[in-house]
Amino acid sequence: MELNFEHHQTAHCENGVASNLLLNKGLKLSEPMIFGIGSGLFFVYLPFLKVNFAPGFSYRPMPGAIFSKAAKRLGIKIKREKFSNPKEAQLALERNLEKNIPTGLQVGVFNLTYFPEEYKFHFNAHNLVVYGKENGKFLISDPVMDYTTSLSEEELEKVRYAKGALPPKGHMYYPTYIPEHVNLEEAIKKGIKDTCKNMLAPVPIIGVRAMRWVARNIPKWAEKKGTKVTNHYLGQLIRMQEEIGTGGGGFRFIYGAFLQEAAVILKNDELKELSKEITAIGDLWRDFAVDIARVYKNRNSKSNIYNELSKSMLHIADLEEAFYKKLRKAI
C-alpha cells in the first residue's frame, strides 16, 4: 500500500511536511511561503522548563503552530487527532492510508532509527509524513532527509509515544479542505504582522526581550554555576539553533527567502531590501554559534569570553528589534 506522494527535502520539518501535504492536494506553496504565512520566526526562553538538564530555548513556536496559522490564513482546514491508546493511533493511521490520505505525524527524535547518532536526543517536536505501508513497515517521508525511508510498527509506535517534554501522544494531522482560490496577499500580510507582534512583544520570555534576557544571563551562569554548567547551557542553545528545529540562522535565511517571494507578490520593493537584512542577521547567528562551539570544545579560553558572547547576542537582539520595526512599517 503505497500512496501517490511526492517527497521533497526541506530545511525544516514542519514547513516541509506542510508544503508536501499541500502539494499532494494540488496546492503548490514553497517552504519559505508556508513559514512566513505561518509566522514561524520566533524566540522563547523558558528558564523554569528543563530540557536535557538545561533551560528551555526555542527558535520556533509550539509544534503545529506554523501549519495551523498558515492553514487558517489561507482558508485551509486541517484535522488533528491524538490518541491515549497506541493501538488506536496505529489503526487510525492505517485507515487514512486506506483512504489515500498521506498523514503528518509529530514524533520524538531520539528513537528514529534512520537518524544519524549525532542528531539523536530527546526532542519531541519533529514532524514527518507516513505515505504507505509495505511488508509490515510504514513508508516515511521525513522532509529533512534527502530520501524516503521506513519504520516498523514497533519503531513508529515508539517515536509517536516518546516521553518527556512536549510528548506527541500519537498526534497525527492532515488537510481536509483546500479552497479553489487562496488569498496569498492577505495571508502574507497577516503572517508578517503576527511575526512582528510576537518578536516585539512586551514580555520577557518571547521575542527580542527574551534574547536579551538570555544574553545577560550568560555571564551570570558562569559566575554562579561554573564553566561546565554554563557550557552545557550554551551547547543546548546552539543545538536548538542549528541542529534540532533549525532555529537561529537557518530560520532567518528561510524568512529572507519568504520576503523575496512576498516582495514580488505584494509588489513591495522594501521587502526585498529587508530580506537582505534578515539574511545578514542570520549570518551573525551562525557566527555566534561557531563562537559558542569553540568555547564548548575548549578551543577558546579567553577570560572574558562569556561577556563577549553576551555582547554578541545583545547586538543581534538590537538588530532584530530594528528589523521588525521596519518590517511592521513596510507592511
Side-chain angles (χ1 to χ4, degrees), residues 1-10 12-27 34 38 62-72 76-115 119-145 147-178 244-245:
M1 180 168 53
E2 181 174 353
L3 312 187
N4 183 21
F5 183 82
E6 202 172 330
H7 171 83
H8 291 277
Q9 187 180 22
T10 58
H12 180 249
C13 64
E14 188 175 340
N15 307 324
V17 165
S19 180
N20 286 339
L21 287 177
L22 294 179
L23 179 62
N24 182 257
K25 296 295 184 185
L27 180 59
I34 294 282
M62 286 292 286
I66 297 173
F67 194 14
S68 292
K69 283 186 175 184
K72 185 178 180 183
I76 296 165
K77 292 180 182 174
I78 304 170
K79 184 169 184 179
R80 294 183 179 276
E81 297 178 86
K82 288 188 178 182
F83 307 86
S84 57
N85 186 310
K87 294 304 173 192
E88 287 179 15
Q90 181 179 318
L91 289 172
L93 176 59
E94 289 182 344
R95 281 196 296 271
N96 268 16
L97 298 178
E98 286 165 5
K99 294 175 186 174
N100 198 30
I101 303 173
T103 303
L105 301 182
Q106 179 189 335
V107 299
V109 165
F110 189 76
N111 289 302
L112 284 176
T113 52
Y114 56 83
F115 257 36
Y119 288 117
K120 290 183 180 181
F121 85 119
H122 295 285
F123 176 75
N124 293 333
H126 189 60
N127 293 267
L128 51 79
V129 175
V130 176
Y131 67 96
K133 190 177 184 184
E134 281 184 356
N135 302 320
K137 287 197 166 189
F138 288 100
L139 306 180
I140 307 295
S141 165
D142 189 322
V144 303
M145 309 296 286
Y147 54 85
T148 57
T149 184
S150 64
L151 291 171
S152 68
E153 293 179 359
E154 293 76 17
E155 288 168 342
L156 188 60
E157 182 178 310
K158 201 168 187 179
V159 296
R160 291 185 77 185
Y161 284 86
K163 306 297 182 186
L166 306 173
K169 298 178 182 176
H171 181 195
M172 70 182 212
Y173 57 94
Y174 49 97
T176 57
Y177 169 78
I178 297 176
I244 302 295

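Bear in mind that the values here come from a model prediction, so they are computed numbers and not experimental data.
Every residue meeting the salt bridge (Lys or Arg N to Asp or Glu O under 4.0 Å) condition with Glu157, not counting sequence neighbours, appears here in chain and number order: Lys87. Listed by chain and number, the residues in a ring-ring contact (aromatic ring centres under 6.0 Å, His included) with Tyr161 amount to none (sequence neighbours excluded).
In this structure, the side chains of Phe67 and Val17 stay at 4.5 Å or more apart for every pair of heavy atoms. Counting heavy atoms from C-beta on, the side chains of His12 and Ile66 come closer than 4.5 Å. Within the 4.5 Å cutoff, the side chain of Tyr147 has no heavy atoms near those of the His7 side chain. Val130 is not listed as a side-chain neighbour of Met172, based on a closest heavy-atom distance of 4.5 Å or more. Side-chain contact between Met62 and Leu166: present, with at least one pair of heavy atoms (C-beta onward) separated by less than 4.5 Å. Tyr131 is not listed as a side-chain neighbour of Asn24, based on a closest heavy-atom distance of 4.5 Å or more. With a 4.5 Å cut-off on side-chain heavy atoms, Lys82 and Arg80 do not count as touching. For the pair Leu93 and Leu156, the minimum side-chain heavy-atom distance is below 4.5 Å.
Closest non-hydrogen pair, Arg160 versus Pro168, comes out as O-CG, 3.3 Å. Counting all heavy atoms, side chain and backbone alike, Ala125 lies closest to Cys13 at O-SG, 4.1 Å. Looking at every heavy atom in both residues, Thr10 comes nearest to Gly16 through OG1-CA, 3.1 Å. Nearest heavy-atom pair across Leu97 and Gly132 is CD2-N, 3.7 Å.
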Check step by step if side-chain contact (heavy atoms from CB on, under 4.5 Å) holds for Ile140 and Tyr114. CA-CA 10 Å; Ile140 307 295; Tyr114 56 83; 3.8 Å; yes
Could you go through the ring-ring contact (aromatic ring centres under 6.0 Å, His included) check for His126 and Phe115 one step at a time? CA-CA 12 Å; His126 189 60; Phe115 257 36; 5.3 Å; yes
side-chain contact (heavy atoms from CB on, under 4.5 Å) between Gln90 and Phe83, worked out: CA-CA 9 Å; Gln90 181 179 318; Phe83 307 86; over 6 Å; no
Can you list the steps and then say if Glu81 with Tyr174 is a side-chain contact (heavy atoms from CB on, under 4.5 Å)? CA-CA 9 Å; Glu81 297 178 86; Tyr174 49 97; 3.4 Å; yes
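Lys133 and Glu153 are joined by a salt bridge, as a carboxylate oxygen and a charged side-chain nitrogen come within less than 4.0 angstrom of each other.
For the atom pair NZ (Lys163) and NZ (Lys158), the distance works out to 12.0 Å, reported to the nearest 0.5 Å. From Asn100, atom CG reaches atom CG of Asn4 across 7.5 Å, with rounding to the nearest 0.5 Å. Put simply, CD1 on Ile78 and OG on Ser68 are 5.0 Å apart, with the number rounded to the nearest 0.5 Å. Here the CG-CD1 distance, from Leu21 to Ile34, works out to 9.5 Å after rounding to the nearest 0.5 Å. Note that CD1 of Ile101 and CZ of Phe5 are 13.0 Å apart. Values are rounded to the nearest 0.5 Å. Atom CG of residue Leu139 and atom OG1 of residue Thr148 lie 7.5 Å apart, to the nearest 0.5 angstrom.
Surrounding NZ of Lys77 are at most 12 heavy atoms belonging to other residues, nucleotides or ligands under 6.0 Å away.
Note on residues 101-111: pairs passing side chain to side chain donor-acceptor pair (under 3.5 Å), not counting sequence neighbours, are Asn96-Thr103, Gln106-His171.
Screening Leu105, Val107, Thr113 against Val159 for a side-chain contact (heavy atoms from CB on, under 4.5 Å) leaves a single residue, Val107.
The closest donor-acceptor contact from the side chain of Ser19 to the backbone of Asn15 lies at 3.5 Å or more, if one exists at all.
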